[in-house]
Amino acid sequence: MIDSHCHLDYCEPPAAELVGRARAAGVTRLATVGTDGERIRHSLAAAEDHDEVVAIVGRHPHETAGFDELALEEIEHAAAHPRARAIGETGLDYYRDHAPRDDQRRAFELQLELAARAGLPVVIHSRAAEDDTFAILREHAASVPVVVMHCFSAPDRLDECVERGYMCSFAGNVTYPKATDLQEAARRVPGELLLVETDSPYLSPQPVRGKPNEPANVVHTARFVADLRGEPYEELERAVETNFERVFGP
Ligand SMILES: [Zn+2]
């Protein structure tokens, strides 16, 4: 199994322990996200230390106040590292509004352009901002090799995602009893666009809800999604592992 999106540095246990527990649960590859300067270095170090780990490097929308040329250069430099396999997470968060929206949009567009230049996939965070997120993607992501919708949360735009070939990565919240729209999206999304993730330490899936999340728990989400789709777990596992390798490399 794979975990397409986690934050090893936000989790309390050390990375080595989390990776070990993931491996014991059958999770053989995971992508950890560096959301600003210091955290980018942490994600690259984790990816250097563990064969199972690759890094996603970028500036989270929460951290984009005053985003400038220097911030972009820092990401561009990190993206040249052989263990950096995607730019992100970038996008828009109008729910928390931690950074001015103009700054969020500028950082988003610049990181999409960087992903295109670097030939890397981009990992998208979008919360309460779907109209602007999809408009900016339409305008600026045409030359980006792959778009990954992290913590997929736009079930009413699933058809648009499928049409554009965006990867849809489902997190633990798809397992919550009230998430029927998300569950319907996870049932309908074509297998070649499906990914699963933990977003650790957030969004623990239902069986471990209320506890801090960690990459090992992605198997709960994967099992739930396999059941939704009426597929054997092993079949879904093969599909998401193949997808992960296609997006993030071997
Ligand atoms: Zn994240």
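Start at 1 and go down the list; that is how both ligands and their atoms are numbered. The residues of the chain are indexed from 1 along the displayed sequence.
Under a 4.0 Å N-O distance rule, the pair Arg21/Glu214 qualifies as a salt bridge. Taking a cutoff of 4.0 Å between a charged side-chain nitrogen and a carboxylate oxygen, Arg83 and Asp49 do not qualify as a salt bridge. The pair Arg117-Glu113 does not meet the salt-bridge criterion, since no charged nitrogen lies less than 4.0 angstrom from a carboxylate oxygen. Ion pairing between a basic and an acidic side chain is recognised when a charged N comes within 4.0 Å of a carboxylate O; Arg238 and Glu241 show no such pairing.
When you scan the N, O or S atoms of Glu89 for the one nearest the Zn ion (ligand 1), you land on OE2.
At least one N/O/S atom of His5, whether from backbone or side chain, sits less than 2.8 Å from the Zn ion (ligand 1). Under 2.8 Å from the Zn ion (ligand 1) lies no N/O/S atom of Cys151, from backbone or side chain alike.
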